[in-house]
Structure formats: structure tokens, C-alpha cells
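Each remark here refers to the structure printed beneath this line.
Note: hydrogens, waters and symmetry copies are ignored here, and every other heavy atom, side chains too, is used. Protein chains get the first letters and strands the later ones, always in sequence-line order, with residue 1 at the start of each.
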Amino acid sequence: MLINSPETVVADALRGMAAAHPDLDVDVERRVVARRDARDSGRVGLVSGGGSGHEPLHAGFVGHGMLTAACPGEVFTSPVPDQMVRAAAAAHGGQGVLFVVKNYTGDVMNFEMAAELAGEDGIQVEQVLVNDDVAVTDSLYTAGRRGTGATLFVEKIAGAAAEEGRPLDQVAALARKVNECSRSFGVALSACTTPAKGSPTFELPDGELELGIGIHGEPGRERRAMMTAKEIAEVSLGPVLEELADIGPVDAPVLLLVNGMGATPLLELYGFHGEVARLLADRGVTVARALVGNYVTSLDMAGCSITLCRADEELVRLWDAPVQTAALRWGR
Amino acid sequence: MLINSPETVVADALRGMAAAHPDLDVDVERRVVARRDARDSGRVGLVSGGGSGHEPLHAGFVGHGMLTAACPGEVFTSPVPDQMVRAAAAAHGGQGVLFVVKNYTGDVMNFEMAAELAGEDGIQVEQVLVNDDVAVTDSLYTAGRRGTGATLFVEKIAGAAAEEGRPLDQVAALARKVNECSRSFGVALSACTTPAKGSPTFELPDGELELGIGIHGEPGRERRAMMTAKEIAEVSLGPVLEELADIGPVDAPVLLLVNGMGATPLLELYGFHGEVARLLADRGVTVARALVGNYVTSLDMAGCSITLCRADEELVRLWDAPVQTAALRWGR
Amino acid sequence: MGALTVRDTQFFRRWMAAAADVVRREAARLTELDSPIGDADHGSNLLRGFTAVESALASEPPATPGALLQLTGRTLISTVGGASGPLYGTLFRRAGKELGEAAEVSDEQLRAALQVGVDAVAQLGGAAPGDKTMLDALLPGVAALATSYRAAADAAEQGALATVPMQARKGRASYLGERSIGHQDPGATSSALLLGALADAAGEGS
Amino acid sequence: MGALTVRDTQFFRRWMAAAADVVRREAARLTELDSPIGDADHGSNLLRGFTAVESALASEPPATPGALLQLTGRTLISTVGGASGPLYGTLFRRAGKELGEAAEVSDEQLRAALQVGVDAVAQLGGAAPGDKTMLDALLPGVAALATSYRAAADAAEQGALATVPMQARKGRASYLGERSIGHQDPGATSSALLLGALADAAGEGS
Ligand SMILES: Nc1ncnc2c1ncn2[C@@H]1O[C@H](COP(=O)(O)OP(=O)(O)O)[C@@H](O)[C@H]1O
Ligand SMILES: Nc1ncnc2c1ncn2[C@@H]1O[C@H](COP(=O)(O)OP(=O)(O)O)[C@@H](O)[C@H]1O
Ligand SMILES: [Mg+2]
Ligand SMILES: [Mg+2]
Ligand SMILES: [Mg+2]
Ligand SMILES: [Mg+2]
């Protein structure tokens, strides 16, 4: 691993971010990455965070038109409430703050505590829970669907709305709508190696893959023999489209994220995207916008995930709105 | 591997690129990716290409302010002259074409043949050879220094000059200057797996690394026991700075590329960048601009490379000029 | 358990020192357990937390058992993160609150306070016995405190072992469905270690 | 080598068919050889090239040996890429040009033409004998054509084996410096296979 020590990985990365992005306010000690122009902006602040190891999520999405601040925790470990409160303070422009929380027990509990504390500090806080992963059944027998790729859609679209100056309740409502309209499915071709453990999180022999993985190096719901990119696209898209069918008409346009888990070469990811695009076309699904790349990753895991978001005209317009962050940039 | 078959990898990826980037003219059959607005643009065309497996290089850099066209070969295999000629034709806006050629025997010979053929077709062609890798001694006993990270600097800066409407000889001279002012060094923490071979290109036990690698999955000049990020930054920067000392004053500003080889998590790469930035500061080197990410990759290789380019004001200005491509975007 | 024994702040200090020691010794194993059914961080999470607790107790020594447990809880919340941070943090904070400002507490008061803490964990996490979580060690462990510290440690250890055949319904392991069966829950394991540390502090080490 | 034997277009067609066959059979090994000291593509490069040559010869059958070798060379240049594409392409193209428009050529004419082709490879690639390239098989192989096709194939094979202890000075393997020693050059190996295919076509297979 390209690290100094497992204990310093996150601080070291933040130091590097500070060096690479002088336009960002990076507090290495207190682990907050924030826009410099948040205070008294008169805009709603958008805060997200979670365990590290999913880069560029979230710190790479701090900037014009997206997050106002991010609070990266240890690798695969939710940040602590103190950190979240500091991020909220950094993001507060006088109009309150929206927490974008991926649905994991730790994230949910820590953000909940932080919301309470920030509220006590006089910051109005709303929360949106992202839970898009169809590999997990949302039932009494699980911790509920995980938050994965849809986080990017929520952060981008809510960020655009905040940038437009919309009030907290509207930004929060939009964020929830994006989440409700989004579904994901992920596949691992290899495990990943966390700095703390130093070896792969699970054994995956060559020639096998894991279907229905999350973004924390955990195995999926099912192990299968290796498949072609086309077959992987089929098994991944199937459950996503099935759940989306409950949400709106099949032929309504979608935003599409074809996401690499970290170690899948872009060459392969584009090839995979080609298969996904073809399958969607075959089924009459219109792709309004597509994004291909490593955005919501799991350290050095090889694999991919697909996220679809049913997007009406407003969502597409907000998706197209200018964004200027370390990892996502367009417009303006 | 996330592929359909080794034989179709490149065509599949181009199909995916076409689907993801409707603004690009992607000829899947003939393997050319081009801007749509090149013909009769009155601007110099900038063409590059090489083996695939280095994505986003080169096709990801086609667009406003950078390449006019790219011709991706098979994985790690130089494209063929026919393809290069087609790319030249697609890029020709009436003012001739500059070929950006990474210094590898195959690339050099194929581009040489293509230049002849394009010339016969009435397209004025200049070539710039990129050879920035200090791990290889440029002597009678080698094929000369390899072209690696500096390719990005050459393509960006020459692209900006071409966008400004400068004539071919000036764009070519600038490109050569950027190359002459650039030096790189790369390190592998793992080998990579080519689709054709299906297994790692060399054996690298856990706890060891290869110093002085190129971008084709070949081993480096030397194998060593694993080091910390800080130590890797030191051994990599040493030879780069040494060679740069022959080019200009130590304290002249540089452009810095801290590049991932494909499978190194951004978390680690930023940490590594922090060490590089600190070392440069210690040595009195001013970093005018830094870019951190997976840009010139070697499939799923874990590792990193450092490229420095001594940049005068003009180079920095051209670096800052707007660029809108799939993989590199700023300004405007 | 001698009904007349009282526990002073020093006792709680010993508990936390023993807890930090055992977490240091067992961190790698806890992370290893968190690997097949979790995200391979439980050991490093607790290591970070209990190291911070050690410093906090050293730099601002609390005067009472209640204050000590509350500081422990607050420190865990502020440094651990993940699921175990708020859960263990709440356990100690609520138990500490329950102890109030007394300079010494009886074993029965401690048992009752820990029961309140464990109930708060159940409330916060929403888990029930059998869901394959830390509760499966904490509940039998704290119940056995009525017998002795040693009995509590042993019951918690048994509870942790009993999570192996369970299918997880809470936390990350629940994502695996049936594939979570056959692995011991890391949080239940660390709970047993913490109650083992309590037995050590009471001189009832194994 | 019978001095009076003449080789018609059919003979060259047999050569290329045998070449395509052996490349198909040996592609994986060539890629494997290109792995420790190269970029693991030599086998797939030649497979692509000679498969294309087969189709080209089938779809626009050349009338003369010279035209056949030229079409082979052009096809390799248009389909192989890498270093071996232009090099092998030039070898066949120049040899084909050298044969002119004759309907049949003598063994001596063929030898002389291949010598011109090999010289063109040396010129284009700038490699010298001992640099650990295809030339180390091609030069002794084509020289031994004066004896027999079998002798040429054997000499090329020996030349390929002799690359093992060499330190590469051209091509990718040269980047490795001394670490290139101890591996057989993939291009020299494929050159030996191509001359072996020629011996097969001449009925002098091993
Ligand atoms: N809802 C819950 N209720 C009680 N305990 C839980 C719950 N969710 C998780 N846990 C416990 O937390 C442990 C995992 O802690 P840790 O690995 O530190 O956090 P994370 O799961 O966020 O990575 C599990 O082994 C389990 O015992
Ligand atoms: N300059 C050169 N002259 C002669 N032969 C060369 C030269 N450079 C490379 N070769 C030959 O080409 C072979 C590699 O071919 P191939 O793998 O197809 O191309 P690449 O090296 O571009 O991947 C080497 O094994 C060597 O025999
Ligand atoms: Mg965790
Ligand atoms: Mg090659
Ligand atoms: Mg965990
Ligand atoms: Mg090769």
C-alpha cells in the first residue's frame, strides 16, 4: 500500500488534498474539507461525510454547485459527531444545513447525534438518508438498503438547488426525491485491502465474482462464476430496473452512473458502460445523462456498480447545472 | 476482468465512450475518437495515440483545448499507420497536424509511416517525441527514455496553443519545449493483468515494489522491499530533480503531476501527493500547479508516478487555459 | 459478590486501563472478525477509542465513578465513529449518568447502572437478542453481574460464542443475509472483552 | 537445396498458411515470453496480423510471389501495430518488391529477397546482432537459407535460443537493462517460427 502508516492514512490524504486544492479549506487536524465562501453566503449548506476509502466521494465533491463541506472519517468508519458539527458550522451560510447521510448504522447514529448538537448550536439541520442499493432488502431483517452510488446524484442535484438559493426545506425535499428515484447494484471482481487489516477483506478466487456488494469491502449476497461484461450488465441491471418500475414509467428518462469500485481500469469500465447503454436502449429506457468513472469507490476493489435515477426535467436541469469540484466539473 | 473477450476490449470500450460522450465523434470500427468541430476549423490539429490500457490517456483528452483526435491501438500495442492517418484526416483543420508520439519503438515506427502517408495525402505533419522517463538512460544501449506522464503536459499545453490559433511550427516547438522541460519516475506496487495474457505481467510478492517502471506492465529497473509513501516520494523525486537541474534553476516553478497507475486508491494517491509537495517545498521548488489522479495508467497496476515540468509564465498560462475533455476539465 | 463491597473511582480507572490493555492485545483479532461479515475496522475503531479514553482520564481525572464513565462515553463517541462508537459511548454515558455523583458505588448500583446503559444501547440500535450484535454478549453478561464479575465475563463470552450460528439482522453483517451465519460477531466479542476487563479490575480475572 | 527448384505463388501461399497455423498454436507462448521483458502482446499481435493476412490472401489472391509477399507485408503493417508490425511488415514488403513480377522464383532469388527484407528490418529498427531482437534469429536464419530451408529454420531457432543470455539494447526489453538477461526474446522466437513455417512449406518440416 502507498501509505505511511494505517493510523495516518486519512490525515495524510487530507494534507495532500490541501496541497493539491488551494481553493478548498482543508482542516487536516479536525478533518473537515469546506468551500471557502460558505460563511454568510445566504445559501443552504450541504454537508456529507462517511468513512474514508470511497474517494473521490465526499471531499472530492466539495465546491461550487455541490457539497459545502465534507467530514471524512477513518477508513470505512463513520466520522464522529464532533466532526460533523464542525462541518455543519463551516457550511452554515445562515440558511441551515442539510446532512446527506448514507444508510449505515454507524453513519445514521453519528449524524443523528450531530444533528442534535448542531441544533443546540443554533444551526437548523435537515437530514436526507440515502438508501439506493437493491442488493439489500429493506426489511426488519436487515439494516435497510445501503447508500451507494445515488449519493452522487443527491449531492449534485441538491447542491445545484442550494447554489440557486433555494431554502432548506426545498433542498431537503429535492434530495429525498432524488434518493427515492434512485437504485443501485454493485459487483466485485476482487476484494479490497484496508490499511488496518493489510490483506484482502475476503477471499475471492480468480474466476469468481461477488454479486450485490456494498462499498465497504464486504462480500455480496451471492458468489458466482466469472461472467462477461455483458452478462454482468444484465444481472446488475435486472434488479435495478425491477425496483425502478415501482417508481415511474419504464420509458421515463434516467440519469445513469456507471461506477468503478477503484481498481477497474477505465478501459474496462467504458466497455461495461457500452453494454449497460445497449441493454437500456433495448428495454426502451432513455438515458438522459450518463457518467462513467470511479466516483464511489471501495479502496482498491475491482468491480463496478450501476445507479439509475428516474429524472424529470427539473432533475436533469439541476444535474446539468454548473459544478466545480475536485472530481466533478462542468458548465460555467 | 470486466470484459467480454480479450479480442473485443478496445472496440467495446470505444462503443462505451460513444454512448457516454455524444459530443465526441467516435468511430468504433476504424478506432478514431475526434472532436466534431475539427474540419475547416483553421486550427492546427493535435493527434495522439498509442496502445490502449493507459486510459484516460489519450481518448479521454480529446476536446476543446487539448487533443483534436486520438487513435487507440490494441492493449499496450501501438496503433497502426492507417488508423493514425484517419485520425490526422479527422483532425486536419487546414493548418496541418501535430503527432504527439510517446517514445516506444512501435509507436515511433508506426507514426513515422503514418506521417509519410498523411503527407502524401496533402496533410502537413509535424511530430513531437515524448521521452520523459528518467528510469531509462537515453543511450545507445536502450531504446531511449520512455514517454509517460509528460504526455499529458504536452497534450494540454500544445492543445491550448492550437486552440489559440497558433501555427503548426509554433505548436510543435512548444510541444517539444514542454517535453524537454519534463521528467518522470514511476513505481509499481503490483503488476497489471492484460486481457490477452489474463494473469499478472510479472510476479511481485507482497511487501516488495518495483522502482523505475514504465506504463506497459513491464517490471522496473530495480526491486526493493516495500517503503512508506514518504520514502517512495524521496526515491522517485531524487532522479527527477537531478535531471531537471540540467534544465533550469532549482527554484523555477514547476507543473506537478502525481499520477496513479490505475489501481491505487485516490486516498493513497493524495497522501502520496502530500509527501511529494512537502519534499518539493523542502527543496525550494515552487509548485505552480498540481494535478493528482489516475491519468496515465497501466490497466489495474497499483503504483504511482511523478512528473515535473519546469514551466515559465507562458507554459503556466497555457496550462491554465480552458480545457473541456472527458477526463480533464477546467476554465471557461 | 460481596454485597458490602463498594467501588471507588480507582476501581473504574482500573477497569478502563484493563479495557484499553485488552483492546490493544485483541485489536487485530477484532478487525479480523469484522472482515468476513463487516468492514474490517472494529479493532482499530476500539483501539483508537480506548487509547483516547486513557489520555482523557489521565489529563482530566474525574472525581467520581459516574463522571469517569460519562467521560469514557463522551470520549468514545468523539473518537470511535462507526456503529460501535455511539453504541459503546451511549452505554458508558448512560451508566455514568445513572451513577450520579456518588464517590463510591455498590456492586448492585453498578449492575443497575450498566443495565440502564445496555437498555440504552438496545434502544439506540434497535437490536433484539439474537440479532447477532454486541447485545448478545452484553445482555447475558450484565444479567450475570448479579452473581459475580467473573460470571458476567463468562456469560458474555458465551453470548459472543453463541452469535456464530446466528443470522445477522442489524449492522453491516445483516447485508449478507444467510452468509452471515458461521461467523462470530466482532461487537459481541469486544463486549465480552470489556466485561472480562471489569472482572480483572475486580480481581476476578480468569 | 536443389538449385533448379522453382517456387510458385502456391508455395508462398503454403508458407503463409503454415505461418498462420504456427502463430495460432504458439500465440500464448509468444505473449508469455513478451511478459517478463515486454508488454505481453507479441502473440496476440501476430495472431491478429496473420489472421488478417489469411483473409487478405483469400479475398484478393495475388498472382505472383512478389505480390503475395507485398500484400502480406502491407497487411501486417495495417493490422499488427507495435514494434513487430512495421518490422515484419517491412520484411515481407521489401522482400516482395525484390521478387518483382516473376510468376516463379528460384530458391536463390527467394534467399536474396529475404536478405534484402532482413536488411530493411535492421535499417528500420536500428538494431545490431546481439541486441536481443528478431534480428538475432532472422540474420543467421536467412544466411543458412543458402544451405536449405531446414537449415534456415534450425539456425533461426538456435539464434532465438541464443538471445537468452543477451542484454537487450533495442525495444522494450532494453528498459530492463541487466534484468533483461535470462529471457528469450519473443520476436526472435516468432522469427524462428516463421522460418520453420517456410521449411514446412518446402516439405522440409522437422
Ligand atoms: N444496531 C445495532 N445494535 C447493536 N449493535 C450493533 C448494531 N449495529 C452494529 N452493532 C455492533 O457493532 C459492531 C460493529 O462495530 P464497528 O465495526 O466498530 O462499526 P461499523 O459496523 O460501523 O464498521 C457489530 O459487530 C455489532 O456487534
Ligand atoms: N528496434 C528493433 N529492431 C528489431 N527488432 C525489434 C526492435 N524492437 C523490438 N523488436 C522486436 O519486436 C519484438 C516485440 O514485438 P511486439 O511485442 O509485437 O511489439 P511491442 O514491443 O511494441 O509490444 C521484440 O521481441 C523484438 O524482437
Ligand atoms: Mg466501519
Ligand atoms: Mg506492445
Ligand atoms: Mg466495522
Ligand atoms: Mg510486446
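Heavy-atom distances place the side chain of B:A277, and not its backbone, under 4.5 Å from chain A. Contacts between B:L189 and chain A at a heavy-atom distance below 4.5 Å involve the side chain alone, from C-beta outward. In this structure, no portion of B:E231 lies under 4.5 Å from any heavy atom of chain A. With a threshold of 4.5 angstrom between heavy atoms, A:I3 approaches chain B through its backbone and through its side chain. Residue A:V187: no heavy atom, backbone or side chain, is found under 4.5 Å from chain B. With a threshold of 4.5 angstrom between heavy atoms, A:A20 approaches chain B through its backbone and through its side chain. With a 4.5 Å cut-off on non-hydrogen atoms, B:V75 touches chain A through its side chain but not through its backbone. Both the backbone and the side chain of A:M1 come within less than 4.5 Å of a heavy atom in chain B. Contact annotation for B:M17: both backbone and side-chain heavy atoms come within less than 4.5 Å of a heavy atom of chain A. For a residue to count as touching a neighbouring chain, one of its non-hydrogen atoms must lie under 4.5 Å from one of that chain's; by this rule B:A59 does not touch chain A. Interface remark: A:R289 contributes no atoms to any contact with chain B (heavy atom separation under 4.5 Å). For a residue to count as touching a neighbouring chain, one of its non-hydrogen atoms must lie under 4.5 Å from one of that chain's; by this rule A:C304 touches chain B with the side chain only. In this structure, the portions of A:L299 lying under 4.5 Å from any heavy atom of chain B include both its backbone and its side chain.
Counting heavy atoms from C-beta on, the side chains of B:T307 and B:N259 never come closer than 4.5 Å. Residues A:T264 and B:D300 form no side-chain contact, since every pair of their non-hydrogen atoms from C-beta on lies 4.5 Å or further apart. A:R31 has its side chain within reach of A:L14: a pair of non-hydrogen atoms, C-beta onward, lies under 4.5 Å apart. In this structure, the side chains of B:V258 and B:L256 come closer than 4.5 Å at one or more pairs of heavy atoms.
Highest contact tally toward chain A, considering only B:M226, B:Q324, B:E275, B:M227, is held by B:E275 [criterion: heavy-atom pairs under 4.5 Å]. Interface check for chain B: of the options A:I232, A:N4, A:L291, A:D12, the most heavy-atom pairs under 4.5 Å are formed by A:N4. Interface remark: of the candidates A:G274, A:G262, A:G271, A:G271 forms the most heavy-atom pairs closer than 4.5 Å to chain B.
Between B:W330 and B:W319, the ring centre distance stays below 6.0 Å. Residues B:H54 and B:Y295 keep their aromatic ring centres 6.0 Å or farther apart.
Going from atom CZ of A:F76 over to atom OG1 of A:T194 covers 7.0 Å, rounded to the nearest 0.5 Å.
At a cut-off of 3.5 Å, with distance as the only test, a side-chain donor of B:E155 or B:S48 sits close to an acceptor on the other residue. Side-chain contact of A:N294 with A:E55: a donor-acceptor pair under 3.5 Å is absent, judged by distance alone.
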Query raised in the report: Under the side chain to side chain donor-acceptor pair (under 3.5 Å) criterion, do B:T228 and B:K230 qualify, and how do the steps go?
Result: CA-CA 5 Å; B:T228 64; B:K230 178 160 188 254; over 6 Å; no
